[in-house]
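Single-structure report; data block below.
Everything quoted here is computed from the prediction, not taken from an experiment. Naming convention: chains lettered A, B, ... in sequence-line order (proteins, then strands); numbering from 1 in each chain.
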Amino acid sequence: MDSVILATGGYDHTIKLWQAASGTCTRTMQHADCQVNALRITPDRQLLASAGYQHIRMYDFVSNNPNPVINYEGVSKNVVEVGFHEEGKWMFTGGEDCSARIWDLRSRSNFQCQRIFQVSAPVTCVCLHPNQGELIVGDQSGVVHIWDLRTDHNEQLIPAGNNDSSIQSLDIDCQSQRLAAVNSLGTCYIWQLSNPSSGSLEVISAETTSPPSPPRVTKATPTHKMAAHGRYALHCVFSPDCKLLATTSADQTARIWDTTDFTLVRELGTSNQRWVWDAAFTLDSKYLLTASSDGAARLWNIDTGEVEREYSGHQKAITSLAFCDAGVATSSSPTSTTAPVTATE
Amino acid sequence: MALYDNQHWLLSHIRNSFISSDDTGMCEVVMMSENIPQQMVQRKYGIYPGLGESDEEDDLDMLSQSIDIHSDLQYGLLRHRSNTASKLEKMEQARKKAAQIRIVKWRRNQTNILDDTVLNELFKKKDLSSMEPCQNQCSLLTHQLQKFPHFPKNPYQMYAKYDGNAQVGLSTRKYKIFLHMLPPEQRNYPMEVVIVVGTRVLDLIGLTLWKCFIQYPNIELKDIVFYSLYIAEDDGEVDCDLPSFEVSEFIAKFGFGYLALIEKEIPLNKNKIKVNSDMQPPLKPKIEHIDQSEPTKKLPDGNDSDKVLIHNPWHNLEAPLYQSYRVYMLNKFRTKSEILLGVSGEKIEIDPVINNKTGSRYIWNKQKAVTYDIDTIVACDLTQNKSNKATFRLVYDQSSELSNVDSCVYGSLGITNNTTNHNYKHYDFEVEYHVADEIVQKINHILDLRSNPKRKDYRAIREKKSHRRKSFTFGPR
């Protein structure tokens with residue numbers, strides 16, 4: 001199987017898989033009855049998860065089955081986000097029913113451990129802290145919640161105060177240094193993250209025997225605020241090398257920001273591109289994939305700002321993409337021996 | 001090809017078609033009494049010479065029956081299916097499909113107290129201090145891209161979305177197209193092109209060229225304006241007597257399976273290709289095109305008509321393109337709910353707009369998301385025009401249970417079923433006048449493009465009603 005996976009989904013009720021390098025559509029799967037809100041590839045690269053109205057569906061990459069193989073249900077409204085623990089132990093979702101959930105994926109486990117986190121407004125985005133122990137949940141009232149999964153303790157960040165903006169997307173860079181959020185006014189907020197205590201690991205391993213000491217979550221200190229877009233911002237994502245931040249927006253562009261001082265590096269747009277809903281970096285942070293309402297996904301060269309590939313085949317707007325790159329074994333990169341995997345919703 | 005010039009055979013065929021396609025059995029009861037073909041047979045086969053020479057009763061039976069009709073259910077594919085049977089089969093398929101999907105329901109933990117060991121196992125925080133920054137990583141995709149630095153960009157990429165092979169759940173049409181720009185030895189076999197329904201000839205040409213570009217990388221292709229489609233025989237011979245297809249026509253109009261794509265020396269008239277407006281940059285050049293290409297359409301009162309042409313956004317060609325509008329739906333209790341009205345060449349979609357502040361409080365405000373096939377829509381008119389808002393009414397026919405196959409059969413037999421109980425329902429919407437006007441025009445253009453029997457029926461009924469009303473107001477004659 002091709003180890004680079006690109007999947008797109010949107011309002012035409014289909015999910016398409018692409019050969020990312022050539023731009024050809026390799027497979028079309030049916031996403032009956034509703035649009036695709038979010039897509040994500042499981043850590044083992046076997047399944048593709050899609051979030052839709054009241055369902056999370058899983059599609060098989062290996063077979064040619066156009067229908068889902070697993071259907072998770074029991075959520076009353078739109079599911080807007082889906083994601084996985086890095087070892088596939090559990091899945092997290094967020095939805096318009098004002099909750100974020102943890103679905104226990106361990107098979108044959110008698111003790112199912114399902115978790116739910118209720119907030120007061122519809123959840124718009126969820127992001128997993130790279131430490132695998134905290135969920136960052138953004139909601140429509142503009143609040144960012146940091147939820148410690150083990151202790152159930154949570155803390156709130158309210159970046160925009162009391163105005164009517166909703167958090168649209170959240171991301172943490174892979175070094176866990178920064179948290180980025182974009183809202184419906186096109187504003188981007190950056191927080192510096194710091195561990196609750198330097199020796200947090202020892203504390204947790206000690207806690208298996210003794211009851212937990214006062215719960216602590218990752219501390220976030222606001223550092224930057226910028227008007228990233230003039231209109232609704234839709235998505236934000238850090239590059240794998242942590243040097244760039246991409247934001248996408250209803251202003252029909254994606255913008256690339258330098259994370260050292262948050263200055264604009266590049267604006268990615270074409271005359272026929274419309275709302276840009278989703279974006280993902282390649283592993284080397286040289287290219288950006290975007291999904292747009294004009295029914296096309298695009299691969300941009302960040303250095304030149306040119307469209308290198310266009311993926312067209314959807315009949316309506318594309319609202320989500322999932323991309324899974326693979327490392328290449330070269331002598332210069334020791335990390336590639338383990339074929340690091342990044343999956344972006 | 002068969003010539004149906006035999007009255008005996010035709011009568012017999014029609015009779016049998018009637019009886020076999022009528023599930024209620026009424027036809028059989030009514031028609032049993034007058035079996036005209038049989039009477040004709042008794043008149044010693046005056047119309048069908050040669051029949052009398054056969055002594056065998058079996059032959060005669062054969063001829064009085066339609067050859068296509070078998071009472072045996074084994075030949076289910078040949079028999080016209082009843083709605084119930086096809087519905088049952090669909091349900092069965094859906095059931096089979098559902099059986100292959102594992103369903104996982106959300107359930108709460110049985111116990112409220114979570115086991116600490118489980119919690120620690122599942123939600124243990126990873127130590128990130130030892131994580132190396134993932135810099136200078138190589139990407140497989142980049143690697144692949146660098147292998148082909150000069151990857152040719154398919155110039156017909158925008159037509160790729162019409163490829164029927166890449167669609168699930170959309171109706172498609174298949175064409176076999178002979179490509180005349182290929183070297184003669186490669187021309188013998190046509191290229192199979194599957195296109196989604198609701199597209200135009202230009203889209204079909206574009207899609208064919210898109211496939212060509214991939215399949216025959218050595219052939220140099222020109223701009224799309226240099227190509228036109230002709231009707232062809234199944235051996236590839238082009239029917240040159242007939243003109244090429246007009247690029248702006250819907251392909252659904254043409255029922256030919258074999259076509260030929262021919263490259264021209266001179267491009268087609270340029271203004272004809274301004275079809276895919278969504279692909280073309282800004283409006284301005286389009287206005288100019290309309291001006292240049294259609295001077296004859298100017299009405300006597302010069303300037304005004306020009307404006308009409310320009311400001312009428314739903315020029316016939318663009319009407320079937322998908323467009324959505326945010327409008328208010330007027331409900332029974334004079335309440336309004338905001339909905340998203342999606343209009344395209346195939347269907348009308350009504351989707352509720354989720355509005356947290358008001359919507360959820362009133363249960364009766366909730367509008368379910370519904371989709372109507374365009375063929376069930378019979379009318380769309382402006383009903384009221386207040387100072388700032390206008391209302392318009394969308395009428396649809398709910399009795400549209402006849403499947404396509406059945407209506408085709410009726411159509412081919414020349415039978416129009418006038419006794420169908422029409423069940424007209426309507427929706428009322430309110431929005432700013434210019435938007436309402438645009439929607440009404442767009443929908444009417446779409447309806448005009450399709451010849452829909454239901455719409456004709458509706459119009460006939462409405463006309464009758466208005467006549468009745470008139471005669472009532474003017475009193476007895």
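- With a 4.5 Å cut-off on non-hydrogen atoms, Y287(A) touches chain B through its side chain but not through its backbone.
- One finds the CG atom of D152(A) at 9.5 Å from the CZ atom of F123(B) (value rounded to the nearest 0.5 Å).
- Proximity to chain B (any heavy atom under 4.5 Å) is restricted, for H129(A), to the side chain, taken from C-beta onward.
- Both the backbone and the side chain of S22(A) come within contact range of chain B, each with at least one heavy atom under 4.5 Å from a heavy atom of that chain.
- Judged purely by atom type and a 3.5 angstrom limit, S312(A) has no side-chain atom pairing as donor or acceptor with the backbone of A160(B).
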Practice item. Verify side-chain contact (heavy atoms from CB on, under 4.5 Å) between Q100(B) and V69(A), making sure each step is shown before the conclusion. Key: CA-CA 7 Å; Q100(B) 285 172 353; V69(A) 287; over 6 Å; no

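- Between L140(B) and S3(A), the closest side-chain pair of non-hydrogen atoms falls below 4.5 Å.
- In this structure, chain A has heavy atoms under 4.5 Å from both the backbone and the side chain of K105(B).
- When every heavy atom of S139(B) is checked against every heavy atom of T282(A), the shortest pair comes out as OG-CB, 3.8 Å.
- Note: Q114(A) CD to W106(B) CH2 = 4.5 Å, rounded to the nearest 0.5 Å.
- Rounding to the nearest 0.5 Å places CH2 of W103(A) at 11.0 Å from CZ of R107(B).
- When the candidates K286(A), R101(A), Q177(A), H13(A) are compared by the number of heavy-atom contacts under 4.5 Å with chain B, R101(A) comes out ahead.
- With sequence neighbours excluded, no residue forms a ring pair (Phe, Tyr, Trp, His ring centres under 6.0 Å) with Y59(A).
- Contact between G133(A) and K125(B) at its shortest, heavy atoms only, is CA-CG, 3.8 Å.
- For D33(A), the CG atom sits in a loose shell: 12 or fewer heavy atoms of surrounding residues, nucleotides or ligands are nearer than 6.0 Å.
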Exercise for review: Test K161(B) against E310(A) for salt bridge (charged side-chain N to carboxylate O under 4.0 Å, His left out), laying out the working first.
Suggested key: CA-CA 12 Å; K161(B) 67 174 177 184; E310(A) 201 168 299; over 6 Å; no

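- For N71(A) and R102(B), the side-chain atoms include no donor-acceptor pair closer than 3.5 Å.
- Heavy atoms of E308(A) lying under 4.5 Å from chain B are absent altogether.
- Under the 4.5 Å side-chain criterion, counting only non-hydrogen atoms from C-beta, I103(B) is in contact with E73(A).
- Shown here are the ring pair (Phe, Tyr, Trp, His ring centres under 6.0 Å) partners of H85(A), two or more places apart in sequence or in another chain: W90(A).
- In this structure, chain B has no heavy atom under 4.5 Å from any part of R57(A).
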Review point. Between V104(B) and I70(A), is a side-chain contact (heavy atoms from CB on, under 4.5 Å) present by the stated rule, with each step listed?
Key: CA-CA 7 Å; V104(B) 180; I70(A) 313 176; 3.8 Å; yes

Exercise for review: Please assess L122(B) against R115(A) for the test side-chain contact (heavy atoms from CB on, under 4.5 Å), listing each intermediate value before the final yes or no.
Suggested key: CA-CA 11 Å; L122(B) 283 179; R115(A) 306 290 297 276; over 6 Å; no

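- Between chain B and the options I56(A), D12(A), N67(A), L299(A), heavy-atom pairs under 4.5 Å are most frequent for N67(A).
- Few gaps surround NZ on K211(B); more than 12 heavy atoms of other groups in view lie less than 6.0 Å from it.
- Comparing A21(A), G74(A), A121(A) by heavy-atom pairs within less than 4.5 Å of chain B, the highest count is held by A21(A).
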Practice item. Could you go through the side-chain contact (heavy atoms from CB on, under 4.5 Å) check for K97(B) and Q30(A) one step at a time? Key: CA-CA 12 Å; K97(B) 211 169 98 178; Q30(A) 197 155 27; 4.3 Å; yes

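- The minimum heavy-atom distance linking L149(A) with L119(B) is given by the pair O-CD2, 4.4 Å.
- In terms of non-hydrogen atom pairs under 4.5 Å with chain B, the most contact-rich of T14(A), D173(A), I116(A) is I116(A).
- How far OG of S344(B) is from NZ of K316(A): 6.5 Å, rounded to the nearest 0.5 Å.
- When every heavy atom of L141(B) is checked against every heavy atom of A20(A), the shortest pair comes out as CD1-CB, 3.6 Å.
- Counted within 6.0 Å of CZ on R27(A), heavy atoms from surrounding residues, nucleotides or ligands total more than 12; the atom is thus considered enclosed.
- Of the listed residues N154(B), N165(B), I101(B), the one with more heavy-atom pairs under 4.5 angstrom with chain A than any other is I101(B).
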